[in-house]
Amino acid sequence: MQGLKHLPLPARLRRRAERQWLIARAINRRRALTPVSDRTDQIRKRDILAFVTQRNERVRLPYFLEYYRNLGVRHFLFVDNASTDGSTEYLKVQPDVSLWQTRASYKQSRFGMDWLGWLLFRYGHNHWCLTVDPDEFLIYPHCDTRPLTALTDWLSDSGHRSFPAMLLDMYPKGNLDDETYREGQNPFEIACWFDPANYSIRKNNYLGNLWVQGGPRTRAFFPYNPQSGPALNKIPLVRWNRRFTYYSSTHMLLPRSLNQVFDEDGGEMASGCLLHAKFLSTFAKKSTEELDRGQHYGNSQEYRAYHAGLQQGVRLWCSESRRFRDWRQLEDLGLISSGNWP
């Protein structure tokens, strides 16, 4: 595999300049954040940390926190972007949550990555850091019997600094609003189906990462223009260093070497999935709100497609859909891999 050190000097210098600029930008944007409850003095040396941006996700938060606490996350660093649904009040009393609030533009903050970039710079150094949304749930090999610390210890011992996870869209069998999602409920009791195939993969030569698209969103909302479908490749788990930065959401990072989480020589490296619980009964209201706000990538093209599809009564389930069982099922389908993790 081509590593960063093999790039021509001008290419290396360009990427280094971009990385330094993004880090400086994140440091500068810290002024937009107001601390609501700062418990970062509780963070211990080996703690796994979670970094999250959220807006009006109150109904999702109890299960989200429970899930990652059980997995082994020891502290959560949240940025709340002007919620009006009680999210702030709920998060600020959680004993393992540090919370900042901002009313600044989500779009102009690189879709929240400037805010999280500062928190990662300030608090994530030398920690394994998980950067996810409130509707993303990490699944990895042996996650039913091994805590997240087992994975991060193995990654560290093996010399790996980052761990990939493909975003796997989950959905119900019927209409999205057929069953109401209740606060604290496991979302995959409702959204328990996924596409086992129908994914395209290509390499991004500039940063060396894989670019993955497809699945039910592309199938249902972008059938005539699949290249406009959302990216599904993510690298959410990183042994953080102040020299690192996310380049585009959690899809790719700088330095470029952090994106080399796959084997081009025919082998397999360990990988996971982020089960994506976007498509619940709350989706129609949320998508309308986000479309009206116009704060998302590409002039909210994705949310325009969602709105149009919902107006036409689109369903995500099809005859090829699979019901989710466990991580072993995903490994059998080639969606995650144990690699050489025994």
Side-chain angles (χ1 to χ4, degrees), residues 35-54 57-80 87-88 90-100 112-113 115-156 160-168 183-188 234-241 244 246 249-250 253 270-277 327 336 341:
V36 177
S37 56
D38 185 350
R39 300 184 177 92
T40 53
D41 59 346
Q42 299 177 7
I43 296 174
R44 299 296 176 255
K45 185 175 181 180
R46 289 176 50 82
D47 284 353
I48 297 175
L49 311 179
F51 294 78
V52 190
T53 299
Q54 77 94 41
E57 299 284 10
R58 173 67 178 84
V59 69
R60 293 182 179 274
L61 294 175
Y63 184 80
F64 175 86
L65 291 172
E66 177 189 7
Y67 182 87
Y68 281 111
R69 284 166 178 157
N70 290 338
L71 213 58
V73 172
R74 290 293 170 258
H75 202 84
F76 299 83
L77 296 91
F78 272 86
V79 174
D80 177 81
S87 297
T88 305
Y90 177 80
L91 287 170
K92 73 179 183 182
V93 298
Q94 300 301 310
D96 52 359
V97 169
S98 291
L99 174 65
W100 289 261
M113 294 314 296
W115 305 329
L116 294 186
W118 159 245
L119 296 181
L120 283 160
F121 179 89
R122 176 65 180 83
Y123 301 105
H125 185 67
N126 284 335
H127 288 271
W128 279 97
C129 296
L130 183 69
T131 305
V132 289
D133 292 336
D135 59 5
E136 297 175 348
F137 298 85
L138 181 65
I139 293 285
Y140 56 88
H142 309 291
C143 60
D144 52 350
T145 57
R146 301 180 189 178
L148 193 54
T149 50
L151 174 62
T152 56
D153 285 348
W154 175 77
L155 289 169
S156 294
H160 298 297
R161 299 181 295 173
S162 51
F163 181 78
M166 189 184 88
L167 195 65
L168 188 66
E183 181 178 313
Q185 183 181 10
N186 178 349
F188 306 114
K234 295 214 167 188
I235 306 177
L237 184 62
V238 180
R239 171 75 172 180
W240 203 260
N241 185 287
F244 298 170
Y246 277 110
S249 183
T250 54
L253 299 113
S271 64
C273 275
L274 287 171
L275 300 188
H276 193 203
W327 68 267
I336 71 173
W341 190 22

Between Arg239 (side chain only) and Ser162 (backbone N and O only), is there a donor and an acceptor less than 3.5 Å apart?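 Checked: no pair found.
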For Asp144, check side-chain contact (heavy atoms from CB on, under 4.5 Å) against everything at least two apart and list the hits.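 So Asp144 forms a side-chain contact (heavy atoms from CB on, under 4.5 Å) with Trp327, Arg328.
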With no hydrogens and no angle check, do the side chains of Thr88 and Asp80 hold a donor and an acceptor under 3.5 Å apart?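 Present: a donor and an acceptor within the cut-off.
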Flag, side chain of Gln94 to backbone of Val97, donor-acceptor distance under 3.5 Å: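 Checking the backbone N and O of Val97 against the side chain of Gln94, no donor-acceptor pair under 3.5 Å is found.
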Salt bridge or not between Asp153 and Arg46? Use side-chain N to carboxylate O under 4.0 Å.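 Result for this pair is yes, salt bridge flagged.
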Results of salt bridge (Lys or Arg N to Asp or Glu O under 4.0 Å) for Arg58 - residues two or more places apart only: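 Scan of Arg58 (salt bridge (Lys or Arg N to Asp or Glu O under 4.0 Å), adjacent residues dropped) gives Glu183.
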Would you please name every residue forming a salt bridge (Lys or Arg N to Asp or Glu O under 4.0 Å) with Asp96, sequence neighbours left out?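 Partners of Asp96 by the salt bridge (Lys or Arg N to Asp or Glu O under 4.0 Å) criterion, ordered by chain and then number, come out as Arg69.
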Look at the side chain of Tyr246 and the backbone N and O of Ile235, then say whether any donor-acceptor pair between them is shorter than 3.5 Å.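 Yes; at least one donor-acceptor contact below 3.5 Å.
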Not counting sequence neighbours, which residues clear side-chain contact (heavy atoms from CB on, under 4.5 Å) with Thr149? List them please.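 For Thr149, the residues satisfying side-chain contact (heavy atoms from CB on, under 4.5 Å) (neighbours in sequence not counted) are Ile48, Pro147, Thr152.
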Return the set of residues passing side chain to side chain donor-acceptor pair (under 3.5 Å) with His75 (not counting sequence neighbours), or none when no residue passes.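 With neighbours one apart ignored, the set is Ser98.
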What salt bridge (Lys or Arg N to Asp or Glu O under 4.0 Å) pairs are there with at least one residue in residues 120-130, not counting sequence neighbours?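 Of all non-adjacent pairs touching residues 120-130, none passes salt bridge (Lys or Arg N to Asp or Glu O under 4.0 Å).
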For Asp135, check side chain to side chain donor-acceptor pair (under 3.5 Å) against everything at least two apart and list the hits.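 Expected list: His276.
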side-chain contact (heavy atoms from CB on, under 4.5 Å) against His125, all qualifying residues, sequence neighbours excluded: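 Only Asn241, Arg242 meet the side-chain contact (heavy atoms from CB on, under 4.5 Å) criterion with His125.
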Check salt bridge (Lys or Arg N to Asp or Glu O under 4.0 Å) between Glu136 and all other residues, then give those that pass, not counting sequence neighbours.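 For Glu136, the residues satisfying salt bridge (Lys or Arg N to Asp or Glu O under 4.0 Å) (neighbours in sequence not counted) are Lys234.
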Sequence neighbours excluded, which residues qualify as salt bridge (Lys or Arg N to Asp or Glu O under 4.0 Å) partners of Asp41?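 Applying salt bridge (Lys or Arg N to Asp or Glu O under 4.0 Å) to Asp41 gives none.
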Measure from the side-chain N and O atoms of Tyr140 to the backbone N and O of Leu148, and report whether any donor-acceptor pair falls under 3.5 Å.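 Looks like yes, one N/O pair under 3.5 Å.
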Looking at Tyr63 versus Phe137, is the centre-to-centre ring distance below 6.0 Å?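 Yes, ring centres under 6.0 Å apart.
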What class does the angle between the rings of His142 and Trp341 fall in, given that below 30° is parallel, 30 to 60° is tilted and above 60° is perpendicular?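 Geometry flag for Trp341 against His142: perpendicular rings.
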The criterion is side-chain contact (heavy atoms from CB on, under 4.5 Å); which residues satisfy it with Gln185, sequence neighbours excluded?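 Counting only residues at least two positions away or on another chain, Gln185 forms a side-chain contact (heavy atoms from CB on, under 4.5 Å) with Glu179, Tyr181, Arg182, Glu189, Ile190.
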Residues that Trp240 engages under side chain to side chain donor-acceptor pair (under 3.5 Å), provided they are two or more places apart: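 Here no residue qualifies.
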